[in-house]
Each structure stands twice: as structure tokens, then as C-alpha cells.
A.B. asks: 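Structure below; questions to follow.
Proteins get letters first, then strands, A, B, ... in listed order; numbering begins at 1 in each.
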There are 2 protein chains.
Amino acid sequence: MSRPARRDQLLAAAERIVRRDGVGHLTLDAVAVEAGTSKGGLLYHFISREALVTAMVERHLADFSATLEAAMAADPEPRGRWTRAYLHATAPLGGPSDSAAATGLLAAMASNPVLADPLRERYAGWRQQMARDGLPEADAMIVALAADGLWMADLLGFAAPTGDQRGQILARLMELAGSPAAAAAVPPPETRRAEAPAADRRHSS
Amino acid sequence: MSRPARRDQLLAAAERIVRRDGVGHLTLDAVAVEAGTSKGGLLYHFISREALVTAMVERHLADFSATLEAAMAADPEPRGRWTRAYLHATAPLGGPSDSAAATGLLAAMASNPVLADPLRERYAGWRQQMARDGLPEADAMIVALAADGLWMADLLGFAAPTGDQRGQILARLMELAGSPAAAAAVPPPETRRAEAPAADRRHSS
DNA sequence: ATGACTGTACCGTCTGGTCGGTATAGTAAT
DNA sequence: ATTACTATACCGACCAGACGGTACAGTCAT
């Protein structure tokens, strides 16, 4: 198997473990078993546990950046474009993004907070971009912060709004982010009939 | 030393470790040393590591509830009172609450996500109260989510806005939460021409 | 003396990491 | 085609230390 493909498999296994069992269970053995390989095999691709966690952070960062830039490119209106893209990438309509999510961040914070530094730097950069987005600064920040809050609620299972309510919140945030279409994009509550109850995934363990 | 006082010291030590070194370093030995006692002494007060983490969660919950209720009692205007109190308790003006913070939540999520269930239940209850707060639901939710986002930024060190900018954001959130005073506190954008660059704002409340 | 509390030695288990070895594929000289 | 050699990918036994937890012997105010 090709080297990058194998690395991806291992990273995916690590993410699955964090999501399913919690950061505390992210051990080399567990990752190896989850990926269907051996600890030796795992350590061949990542020379240490720290290297694995670092790679998880990087992967998460790359995923997020890609989503962000795609959303930017798809938005014709320059004013508030960045803020809307951030909202879209952080808190998508359909609930928690099934992909990398924040497992890397969690893993980093648990073992060594310094490993999350690349993320912190990026974040600081994003904040600066947001200041030049043509929106009242407080409004843009509120949209970003609310997106973060929603993301956290998704991640931790803290009564994250779903379905109809989530749609309304996101529409209102889009409005704050200067989207003229947003107000019209979501019809008033009366028109919208009860949606599918948005994949209720209460994890038990 | 009295029993509850000692317990508090031990919990405080545990919190310090989580904040400083990350959840992964929250071991019985480390907590005992940090608190200036021995593992035996620690285990006398908390029969197991799990009991310690549970107590951390409970402490955090109690702290937060107390702050919340105090803010509620101090607010004469019923409309949006709850939302404003939540904002105040979650994201105080002066930056991250120096007290328990969320270390308990982090510790729980790392070792066993189920331990955070009491928090989840409370949270669900709060959300219900928010729905009966007399505010447009989406607005109330956005305030709460932004508060959560700010709290997270404080906790993880993710470019959390400080000083002047933080003040403006909180004022705008108060406005969204229906506070009539908030709108007056911060003049509209037109009036606010190029402001003094964050002249270290000492928190008044 | 009693009971609340603390210190210390220890146990079994788990964890990150090392290390010697194996299997396979490719290359190139004969 | 055979042989010899090399590089890559992977395996799994093993180790030293850390971990949660137990047992028990103090200590000290009442």
C-alpha cells in the first residue's frame, strides 16, 4: 500500500477512536488495532505519539482551510464573504461535519497544548481577515463566535440545535454576516413543515 | 484543616494542572504534589480518580449556577433577563473567569464522556428556559452560542478578543439580548469614528 | 484513646517506545 | 533464469517507567 494512503488510514483510525472512546483512549496500540495493523507498523509511519497527534492537527487544519476557501470561491458578494464562509465551514447546516472534526484539537489539548499552536496561529490570522471583511467588526465577531459555539455544542453533545431551529439560527447569522439572500433563503416558520429529525446520534459510551 | 476546605484545595490543584499541563497530565500523583499532600491524602478525600473528576464537574456547575442566579437577581428587566445572565456568567467582561473554568468538563471528556452528563442535562434545561425568555428565539440562541464561543476561545487560548473589542462585542450581544441600556452604552457605528486603540479598559462591573 | 487525616511502600496493569527480525519487490550482474 | 543485494513496509516481543489503586503504619488534635 502506498505511503500516503496508509498514513491516511492510520489518521482516520485515530480520529475514530477519539470520537468514539474519548481522547483518553488514544493509545498507540488502540490506533494500530483500529487500523488493522501493528504498533510496529504504526510507528513506522509516525515516529512517535506526538508526531501522530501533530499530523491529526495538520489534517484537521487542511480540511477546514479547504472547506473555507471553497465557500469563499462560491460566494459572489465580497462584503462579509469571509465571515459567511467561516460560518459555513465551522457550523454546516446538516450538523457536525462527519469528517476530521476537531479530534486533532482535542488530542493535542489533552496531551500537550503546545501542539495546538499551529491552529492558534491560523485562528489569529482568520480573525485579522475578518476585520477587513467590510462588516461592523462586532457583528462579524459575533457570527464567528456563535459558529464556534455551535461547533462546540456539536462536538461535546451539548444540546446542539438541530433541524428547524438550527436552520433559523444559521439564517439569522447569515443575515448578520450581511447576506442579502439569507433573509429570503429561509421561509418563515409557518411555511416550513417539520423536517426530518436530523440524525439524532446520542453516543452511549 | 476542615474537610471541605481541603477538598477545595485539592480540586483547585487539579484545575491548575489541567489548565497548565493539559488533561493528559491529570494524574493522582500530580494532583497530590500540586496540592502539597500525598496520594494517600488525596485518595482519602476522593475514593478514585473518577470521583475526583466528577467533583470537578460538580464544582464547575455549582460555580456557574451561582453566578447565573446572582446575575438574574440583579437584573430588573424580565424580558431577556435569562439570556443576559447567561452571557454574563459565561463570558465576563474581564476575560476568562479565573475560577473553576471548564477544566472539569475537559477532564471528563478525556477520561469518560459520560461523566459530563450532569452538565449536559443542565445545559438542556437552560436552553428550555431561554426559549421562554421573551426574546426572538434565534436571537437568544445566538447570544448564548456566541457566549459559548467566547468562553471556548478563552479556555483554549484561541485569539479571544480582549479589552475594547471584547467590550464592544459584549455590548452588541447585550443589545441582541434586549437590554435597553446596552444600546445606549455603545454609541452607533457612525458616531464611533476611529477609536482609541484599545486603551486598556479596566472592567467596571 | 479515639477518630480524622496523612505518608509511604507496594502491586498489577498499561503505555510509549525500542529493537531484532521477516516478507516482498525491485535491480542488476552473471 | 538465477543469484545476490538493497530498500521499503511491517511485525511483535520486550522494557522501563507511569498509572490507578490498596494496605497499613503513623500523626495529631480532641
A.B. asks: Checking A:Phe64 against A:Trp126 for the ring-ring contact (aromatic ring centres under 6.0 Å, His included) test, could you report, in this order, the C-alpha distance in whole Å, the side-chain angles of both residues, the deciding distance, and whether it holds?
C.D. replies: CA-CA 12 Å; A:Phe64 186 83; A:Trp126 288 333; 5.0 Å; yes

A.B. asks: Within a strict 4.5 Å, meaning less than it, do heavy atoms of the A:Leu155 and A:Leu106 side chains meet?
C.D. replies: yes

A.B. asks: Between P on C:dG17 and CG on A:Leu52, what's the gap in Å once rounded to a whole number?
C.D. replies: 10 Å

A.B. asks: In whole Å, what is the span from the CD1 atom of B:Ile47 to the P atom of D:dG21?
C.D. replies: 9 Å

A.B. asks: Is the closest basic N to carboxylate O distance between B:Glu77 and B:Arg84 below 4.0 Å?
C.D. replies: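 Salt bridge absent between B:Glu77 and B:Arg84.
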
A.B. asks: Would you indicate, yes or no, if C:dT6 has its OP1 or OP2 atom less than 4.0 angstrom from a side-chain nitrogen or oxygen of B:Arg6?
C.D. replies: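 For C:dT6, OP1 or OP2 has a side-chain N or O of B:Arg6 closer than 4.0 Å.
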
A.B. asks: Tell me the interatomic distance from B:Arg49, atom CZ, to C:dC14, atom P, rounded to whole angstroms.
C.D. replies: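 Whole-Å distance recorded here is 16 Å.
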
A.B. asks: At under 4.0 Å between heavy atoms, what does B:Leu42 touch on the DNA or RNA strands: base, sugar-phosphate, or nothing?
C.D. replies: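 Since no nucleic acid heavy atom lies under 4.0 Å of B:Leu42, the category is nothing.
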
A.B. asks: Grab the NE2-P distance between B:His45 and D:dG21 for me, whole Å please.
C.D. replies: 17 Å

A.B. asks: What is the nucleic acid contact for A:Ser38, judged by heavy atoms within less than 4.0 Å: base, sugar-phosphate only, or nothing?
C.D. replies: base

A.B. asks: Starting at CZ of A:Arg7 and ending at P of D:dA9, how long is that distance when rounded to a whole Å?
C.D. replies: 12 Å

A.B. asks: Atom CG of A:Asp29 to atom C1' of D:dC14: distance rounded to whole Å?
C.D. replies: 13 Å

A.B. asks: Do NZ/NE/NH1/NH2 and the carboxylate oxygens of A:Arg122 and A:Asp117 come within less than 4.0 Å?
C.D. replies: no

A.B. asks: Check whether any side-chain N or O of A:Thr27 sits under 4.0 Å from OP1 or OP2 of C:dC14, and answer yes or no.
C.D. replies: no

A.B. asks: Could one point to a donor on the side chain of A:Lys39 or the base of C:dG17 with an acceptor on the other under 3.5 Å away?
C.D. replies: yes

A.B. asks: Rounded to whole angstroms, how far apart are NE2 on B:His25 and P on D:dA18?
C.D. replies: 11 Å

A.B. asks: Taking the nucleotide of DNA chain D with the nearest heavy atom to each, does A:Tyr44 or A:Gly40 sit closer to the 5' end?
C.D. replies: A:Tyr44

A.B. asks: Just how far, in rounded Å, is C1' of C:dC14 from CG of A:Leu28?
C.D. replies: 12 Å

A.B. asks: Regarding A:Asp139 and B:Arg172, does a basic nitrogen lie under 4.0 Å from an acidic carboxylate oxygen?
C.D. replies: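 Between B:Arg172 and A:Asp139 there is a salt bridge, with a charged N closer than 4.0 Å to a carboxylate O.
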
